[in-house]
Number of protein chains: 2
Amino acid sequence: MSQPEAPTEQQPSPRQIEVLEATLRQMLVEGQAVTMNSVARAASCSKETLYKWFGDREGLLTATVKWKASRVHVGAIEPGRLDRAALVARLEEFASNWLAVISSETSIALNRIAMGEAGTGKHSLGAIVLENGRFALGARLKPVLEAGRAARLLEFQDSEEAFRTFFGLMARDVQIRLLLGDALVLSSATIHQEAARAATQFLALYGVENPTGSAG
Amino acid sequence: MSQPEAPTEQQPSPRQIEVLEATLRQMLVEGQAVTMNSVARAASCSKETLYKWFGDREGLLTATVKWKASRVHVGAIEPGRLDRAALVARLEEFASNWLAVISSETSIALNRIAMGEAGTGKHSLGAIVLENGRFALGARLKPVLEAGRAARLLEFQDSEEAFRTFFGLMARDVQIRLLLGDALVLSSATIHQEAARAATQFLALYGVENPTGSAG
DNA sequence: GCCGAACCGTAACGTTCGTTACGGCAATAG
DNA sequence: CTATTGCCGTAACGAACGTTACGGTTCGGC
């Protein structure tokens with residue numbers, strides 16, 4: 001009764017994870033299409049197994065993207081009680097992690113594939129990437145923002161809107177340029193500078209200038 | 001001697017433009033690959049002509065993207081002499097135009113194709129889109145920013161950096177979400193609100209608070 | 001009226017790739 | 001030992017597609 005079968009809603013087995021990792025490795029190879037043959041060869045498995053486990057090519061790609069995207073965590077951040085310095089540190093850490101992720105080969109390849117197949121209307125890869133990327137990001141940062149508001153450090157009405165602005169300040173033109181193939185190198189130092197700038201600018205827009213504790 | 005031949009560095013002929021428009025039309029059709037057959041059928045021309053004019057499939061796609069991208073103008077803006085209201089108006093106009101462009105079906109399809117083919121390493125579509133999109137944008141806005149600085153309305157050291165921040169404030173997560181297939185509708189009213197917000201936030205970050213004319 | 005060039009429509013070729021089918025091997029249960 | 005199961009490796013099928021070739025048509029020039 002231990003048939004791994006289709007990992008539709010279950011955790012993939014170790015062997016299946018090997019296959020998914022091989023698929024991901026194929027996605028990262030520049031100038032090479034991800035074919036069932038290449039995946040089978042790279043994973044040292046038969047194509048019959050691929051079809052038995054994942055149904056078809058779309059199933060394989062979807063499972064790979066879903067599996068990889070689900071473990072791209074930008075680091076959960078506990079709000080705790082905040083002062084301004086702690087808030088800035090959290091924002092910078094958050095932005096650093098996210099910039100490192102989106103400038104990675106993996107993220108670039110996954111986004112390219114998802115966008116490329118989004119035009120064909122067949123795949124749901126775009127929704128998966130969006131759900132585990134942009135929206136998971138918002139869900140993780142919003143508690144921090146709201147804690148900052150509760151601590152009278154930030155001022156905004158809609159945390160979604162505030163997050164979107166922070167997103168823009170983090171990303172600027174970086175993601176678009178990378179996805180379009182621009183040779184933009186993000187060194188560790190550059191990432192930290194960008195993260196610090198984004199946090200500073202966000203504080204300048206949404207920070208409370210005079211924290212007069214007149215309420216309560 | 002009037003052989004249109006390859007429009008490598010020349011303006012395409014009217015008939016060739018019809019073909020390019022048909023190609024673009026095919027690119028916009030959701031869930032359909034842009035094949036030489038479909039283009040030939042849509043353009044009412046023979047495949048022989050396609051190959052004679054554009055060399056191969058890559059040449060056709062490149063010519064189409066280049067032709068279309070070259071005429072996506074976000075509206076040239078004359079700096080002139082500026083006061084704060086005029087600067088805000090220019091920024092808002094700029095942002096409105098750009099948001100309208102990137103949310104158009106054409107832009108989305110072109111970016112998707114360019115990014116999808118950027119992973120294969122064969123195409124130069126990404127560079128073309130980048131050159132006519134992101135970089136042309138910067139080249140058009142920078143004079144405005146520098147005029148604003150000359151008028152003591154803005155304060156920054158690097159106009160490139162200032163533009164990149166404005167870019168982020170304009171785009172936020174909109175372009176990524178659209179490219180990944182998110183059903184994000186940008187109505188005309190929304191676009192104007194977003195443009196106004198971007199301009200306001202940019203002024204908050206780079207605007208000169210107290211224009212004390214102490215320099216001399 | 002004839003010629004050649006350009007072009008249309010379509011057939012044909014070769015390749016790639018998704019998908020299926022088949023034979024063999026290792027392990028495990030009875 | 002034997003049967004069954006799960007999987008590997010490979011061959012084969014069929015469709016799609018890029019590319020080339022060919023016959024027929026239109027049109028401008030002599």
Side-chain angles (χ1 to χ4, degrees), chain A residues 1-7 10 12-23 26-27 29-65 113 116-117 119-125, chain B residues 1-8 10-23 26-27 29-65 113 116-117 119-125:
Chain A
M1 300 299 177
S2 64
Q3 349 169 2
E5 289 286 340
Q10 284 174 321
S13 72
R15 180 68 180 117
Q16 288 175 339
I17 288 184
E18 285 183 31
V19 173
L20 295 179
E21 279 176 343
T23 308
Q26 292 299 110
M27 289 178 174
V29 178
E30 195 95 357
Q32 181 178 346
V34 181
T35 72
M36 303 300 278
N37 253 324
S38 68
V39 170
R41 218 179 316 118
S44 293
C45 74
S46 72
K47 288 197 279 185
E48 185 182 0
T49 302
L50 293 183
Y51 283 98
K52 175 180 260 183
W53 284 350
F54 305 104
D56 55 4
R57 183 172 180 269
E58 173 177 346
L60 175 60
L61 295 186
T62 303
T64 302
V65 170
I113 292 177
E117 312 266 339
T120 71
K122 282 185 292 187
H123 283 264
S124 56
L125 297 184
Chain B
M1 303 296 178
S2 64
Q3 347 168 3
E5 289 287 340
T8 24
Q10 285 174 321
Q11 289 287 68
S13 71
R15 181 66 180 119
Q16 287 175 337
I17 288 184
E18 285 183 31
V19 173
L20 294 180
E21 280 177 342
T23 308
Q26 292 299 108
M27 289 178 174
V29 177
E30 195 96 357
Q32 182 178 345
V34 182
T35 71
M36 302 300 277
N37 252 325
S38 69
V39 170
R41 218 179 316 119
S44 294
C45 75
S46 72
K47 288 197 278 185
E48 184 181 1
T49 303
L50 293 183
Y51 283 97
K52 174 179 260 183
W53 284 351
F54 305 104
D56 54 2
R57 184 172 179 269
E58 173 178 345
L60 174 61
L61 295 186
T62 302
T64 303
V65 170
I113 292 177
E117 311 267 338
T120 71
K122 282 185 292 187
H123 282 266
S124 56
L125 297 184

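Below, all heavy atoms of this structure are taken into account, side chains as well, without hydrogens, waters or symmetry copies. So you know, we letter chains A, B, ... as the sequences are listed, proteins then strands, and number each from 1. The model shown is predicted, which means the values in this text are computed figures rather than measured ones.
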Could you tell me how far apart Q32(B) (CD) and dA16(D) (P) are, to the nearest whole angstrom? 13 Å
Whether Q16(A) side chain and S13(A) backbone form a donor-acceptor pair below 3.5 Å: yes
Under 3.5 Å, N/O pairs linking protein and nucleotides 20-26 of chain D:
from	atom 1	to	atom 2	distance (Å)
dC22(D)	N4	E48(B)	OE1	2.6

Side chain of R57(B): nearest nucleotide among dG18(D), dG9(D), dA6(C)? dG18(D)
Side-chain contact check for T35(B): nearest option of dC17(C), dG18(C), dC17(D) is dC17(D)
Measure from CG on D56(B) to P on dC17(D) and round the result to the nearest Å. 17 Å
For the helix from dG1(C)-dC30(D) to dG30(C)-dC1(D), measure the angle between the helix axis at one end and the axis at the other, each built from five pairs, rounding to 10°. 10°
Is any side-chain nitrogen or oxygen of T49(B) closer than 4.0 Å to OP1 or OP2 of dC8(C)? yes
Give V19(B) one of three labels, base, sugar-phosphate or nothing, depending on what nucleic acid heavy atoms sit under 4.0 Å from its own. nothing
If you look at every strand shown and take non-hydrogen atoms under 4.0 Å, does N37(B) touch a base, only sugar-phosphate, or nothing? nothing
Expressed in angstrom and rounded to an integer, what is the separation of L61(B) atom CG from dC17(D) atom P? 14 Å
Rounded to whole angstroms, how far apart are CD on Q26(B) and P on dG18(D)? 12 Å
CZ of R15(A) versus C1' of dT5(D): gap in Å, rounded? 17 Å
Expressed as a whole number of angstroms, how long is the span from M36(A):CE to dA16(D):P? 18 Å
Looking at W53(B), I'd like to know whether one of its side-chain N or O atoms comes within less than 4.0 Å of OP1 or OP2 on dA6(C). no
